[in-house]
Each structure stands twice: as structure tokens, then as C-alpha cells.
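Only one structure is covered here, and it is reproduced in the block below.
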Protein chains: 2
Amino acid sequence: MSDARPVRRQERGLRRINEILDAALGLFAEVGFEATSTNAIATRAGISPGSLYQFFANKEAIAEALSVRLVEALREAHASAFGMASVADMPLGDLLDRMLDPLIAFRVANPGAKALFNNPAMPAGLAAATRPLQEAVVGRVASVLAARSPSLPAADRQRSALVGVQIVAAVMPSIVAAEGAERAALITELKKAMYGYFAPLDSPAEHR
Amino acid sequence: MSDARPVRRQERGLRRINEILDAALGLFAEVGFEATSTNAIATRAGISPGSLYQFFANKEAIAEALSVRLVEALREAHASAFGMASVADMPLGDLLDRMLDPLIAFRVANPGAKALFNNPAMPAGLAAATRPLQEAVVGRVASVLAARSPSLPAADRQRSALVGVQIVAAVMPSIVAAEGAERAALITELKKAMYGYFAPLDSPAEHR
DNA sequence: CGAAAATACGAGCAGTTACTCGTATTAGTC
DNA sequence: GACTAATACGAGTAACTGCTCGTATTTTCG
């Protein structure tokens, strides 16, 4: 109802935006989305509360921007992992390695991402802000599934992708929290679970 | 540091405690733990904020008591489902049905339980309050695993139980949210995932 | 240079939160 | 019936929340 006028950002402003996003990501990692106050974000970013609101309309908008930044980063991580290789022809085990390893590396490197990813107890505002992220991830998995199992009905495919993503999301916090050998063991368990779930759905060429 | 003196509850008090717990469970289901205010719990329970604190030291203590109540209810649900039948000899598919069906029924009937169960984004206070619940559930699964696969090292068994519980916890909200055919389909998916994960660990008598 | 836009500040606002406290009522016990 | 402990009330408190606003500085650009 008021000004929809877009602001012409200068370089300084773009830098600030990134600093704010970094601060928010760190705080989300440490105390979660709800418990992170906008004043705390501003303080960690080294600016005043007023300045923060020069760049973001509200707290939810920060989560949204963060979500966009994460989709982008994840897209790149996966793109480099897949390269030109066709997703349809790979053995399932290799495919899981190629999809999960970058994702795990990403989550280990960005513990704050946890707050943004699909998890069952997401506060209302956050859920709205990260819906595109969730959909991007589930859609990505569904399209891989479509390539490998063209005979699977679309609804089943979508549901399987969702469940697969939820399983990964469920185990990921333990993986990120663990270290060394225990982390490796948990990663193995996750892959076993994913393999056990997807192998029966997979293209006949794959399993025995 | 102050009074550790236990209060001698009268019947009226015990009734109030249950009313408070019911109110809290309902609100947790509707808006989540963090967003539920203690004043709102008191109001729904039909008492004043002051009265609430006659029975619970703080908000976290309410979650704790609720957690205890849920462990109890769940224990009963599972006990009646198992009866005398030995957990060690059952086919894996049957075992999964017997463990998961009552759990799903319980969660559908108690949507508020969602806030109390293991989920990755649990606020700090709630996590502390419900740790016993998590441990009870994981321990239960681990002991079933121990009965069926005695050769599995204890550490592996514990880890597998944890991952199994996390998978269930991850898919459960979707199941509770869905209805009719979609819910049934999601339950099937969950069981497929659990079967795929546990079958390779299971006692040799079981698979093929 | 000079004006407009972008960036910056931080005290402060209205609202909410978990929780307290002084006081009143009710129930159990001798 | 009297004494004590349990239950009940609800206005109040201090802290904190997301966010605003008046004002000041810096940058861009003609």
C-alpha cells in the first residue's frame, strides 16, 4: 500500500546485506530462528537496529534472503558434483554419494543452514520464507527419480522424493553434531537407509 | 537453594495438574512450544497465571511433565500391541507393523505430542525437558534390535536405533498432516524405508 | 557545488513474555 | 473449631521483542 519503490543499492549497501546475512546465519546456527533477535543480528553485523531495517523489511525477509543464498550455493555444489555425467545411468550407490556428499559437506560448513531446511517443527514465519528452498530440493530429487524410474507415477514419485528428503533432513543434525569416526558411521547409516529405501523403486538395470 | 520441600497434593491439585497438561498439549499442537505462552496455558486451563505456578516451577517443567505422561501412554500402547508375543521371532514386516501402527495411532490422536518428540529444530529448553522421552524411545528400539541381532556391536545397535527413530520422527508430521489415502500411502512409504534400512541388519532367519 | 538518494544511528515505542507476590479462599487434621 | 497447608487469584514487574522515526553522515551524479 505504501512505497513499492525499489532502492538503488550502492556497493556499500550490498556489502552490508551480506554482513547481515552472515550474522543471521551464525546466530540461527547457535540459537535457532525464533530465539534470534533482530537486534542481536544487527549487533553482530556491527550496525544499529535502524540500519538493519534499511535492507530488510522484517525478520522473515532475512530468512527469505538467506534461503535464496543457500539455494544458490547448494545448486553450485551439486552442479559441480554432477558435471556432465548422466544421472540416469549411474549405479544407485554412486548417485547417492554424489548427491549426499556435497550436501553433507555443505551442511557441515554451514551449520546455520539447519534452521532453514525442512524440519518438522518450523515456526510459521520461517516455513513461509523457506518454502521455495524446500520445493527446490524436493523437486530436484523428484526429477532425478523421474529420470531413473520413468514408470513411477508422478504422485508416487513426488511422495518418495519428499520422504527421501525428510530422511536426510532427519539424520543430518546428528551428522553435523558428530565428529570423526562417529560422523563417518552416521553418514554410512544414512546412505544405507537411503539405499534401502530407493533401491526397490530404482530402474531395473540397477539392482541385481 | 531454597525450599526442596515437596508439596502434599490434594485431589483438587492433581486434577488441576492434568487440566494444565491438557491445555498445554493442545496449545503445543496448535502453535508450538515456543509460541505458547504460560498465560495462555493458564487461561485455557481456566485458572490464573499465579495458580499455574503453584504446580510448575516454569514453562520447561510443564514440557517435562508432559513428556513423562507421554512416555507412559506410549508404553501402554506398545505393551498392549506386543502382548506376550516374542519380539525376537516375528518377521520384520510384522514387527514394524506392531511397533509403528500404535505409534502412528498415538500421534494422530495426540497431535500435540509432535512438539515433544525428537525433531531437529527443538528449542533448547524443550530439548532438555524431553531428553528422557527420546532416550526411552531409542532405548526401546535398541533393545528390540539387541534381541533380533545379538551379534551387532552395542555401539552400532545404538546408532541404528537412533537413525531409525529419527526417520520415523521425520516422516511422522507428514503422516499426521495427511488424510485418507495420502496418509495410508505415506505410512506405506515409511514402512518401506524402515524395512529397507533394518532388513540388512536383521537376524539371518528373517530375510530370504 | 549542490541536491537527492542511500546509508547510518540509537533512543525509544507498543506489545509480549515468563514469572512474582501479597492476599484471599478452601480443604485436611487434631 | 482452630490451625496449617494447599489452592487460587490477578495486578504487577522487569526484561525483551520486532520495529520506527527523527536526524545525521556519506555517496552519487548532474
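Values below: all heavy atoms of this structure, side chains included; hydrogens, waters and symmetry mates excluded. Quick note on labels: first sequence line is chain A, next is B, and so on, each numbered from 1.
Residue pairs meeting the ring-ring contact (aromatic ring centres under 6.0 Å, His included) criterion with at least one member in residues 9-30 of chain A, sequence neighbours excluded: A:Phe28-A:Phe33. For the salt bridge (Lys or Arg N to Asp or Glu O under 4.0 Å) condition, the pairs that include at least one residue of residues 187-199 of chain B, sequence neighbours left out, are B:Asp97-B:Lys191, B:Asp101-B:Lys191, B:Glu189-B:Lys192.
Contacts of B:Ile47 with the nucleic acid, taken as non-hydrogen atoms under 4.0 Å apart, involve only primed sugar atoms and P, OP1 or OP2.
A side-chain donor-acceptor contact under 3.5 Å links A:Arg148 to the backbone of A:Val87.
Scanning for salt bridge (charged side-chain N to carboxylate O under 4.0 Å, His left out) contacts around A:Glu182 gives B:Arg159, with sequence neighbours left out. By the salt bridge (charged side-chain N to carboxylate O under 4.0 Å, His left out) test, A:Arg75 pairs with A:Glu72, sequence neighbours left out. For B:Arg16, the side-chain contact (heavy atoms from CB on, under 4.5 Å) criterion is met by B:Glu19, B:Ile47, B:Phe55, not counting sequence neighbours. Residues satisfying the side-chain contact (heavy atoms from CB on, under 4.5 Å) test with B:Ala142, not counting sequence neighbours, are B:Gln158, B:Ala161. For B:Thr38, the side-chain hydrogen bond (donor to acceptor under 3.5 Å, both in side chains) partners are B:Tyr53, not counting sequence neighbours. Scanning for salt bridge (charged side-chain N to carboxylate O under 4.0 Å, His left out) contacts around A:Arg44 gives A:Glu30, with sequence neighbours left out.
Following rounding to the nearest Å, A:Glu11 (CD) and D:dT26 (P) show an atom-to-atom distance of 17 Å. Here the P atom of nucleotide D:dT28 and the CD atom of A:Gln10 are 5 Å apart, to the nearest Å. Protein atom CZ of B:Arg9 is 15 Å distant from nucleotide atom C1' of C:dG28, rounded to whole Å. Rounded to an integer number of Å, the gap from A:Phe56 CZ to C:dA8 C1' is 16 Å.
Taking a 4.0 Å limit (strictly below) on heavy-atom distances, residues 12-25 of chain A reaches DNA chain C at A:Arg12, A:Gly13, A:Arg16.
The side chain of A:Arg8 sits closest to C:dA6 out of C:dA6, C:dG28, D:dC9.
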Strictly under 3.5 Å: I want the nitrogen or oxygen pairs between protein and nucleotides 2-4 of chain D, one per line.
none

Donor-acceptor contacts, no H, no angles, side chain residues 61-70 of chain A, under 3.5 Å, sequence neighbours left out:
| residue | atom | partner | partner atom | Å |
| --- | --- | --- | --- | --- |
| A:Arg69 | NH1 | A:Asn18 | OD1 | 2.9 |
| A:Arg69 | NH1 | A:Asp22 | OD1 | 3.3 |
| A:Arg69 | NH2 | A:Asp22 | OD1 | 2.8 |

Readout for nucleotides 13-24 of chain C: B = base within 4.0 Å of protein heavy atom, S = sugar-phosphate only, - = neither; 5' to 3' it is ----SBBBB---
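Two residues are said to be in side-chain contact when any heavy atoms from C-beta on lie closer than 4.5 Å; B:Val163 and A:Leu190 fail this criterion.
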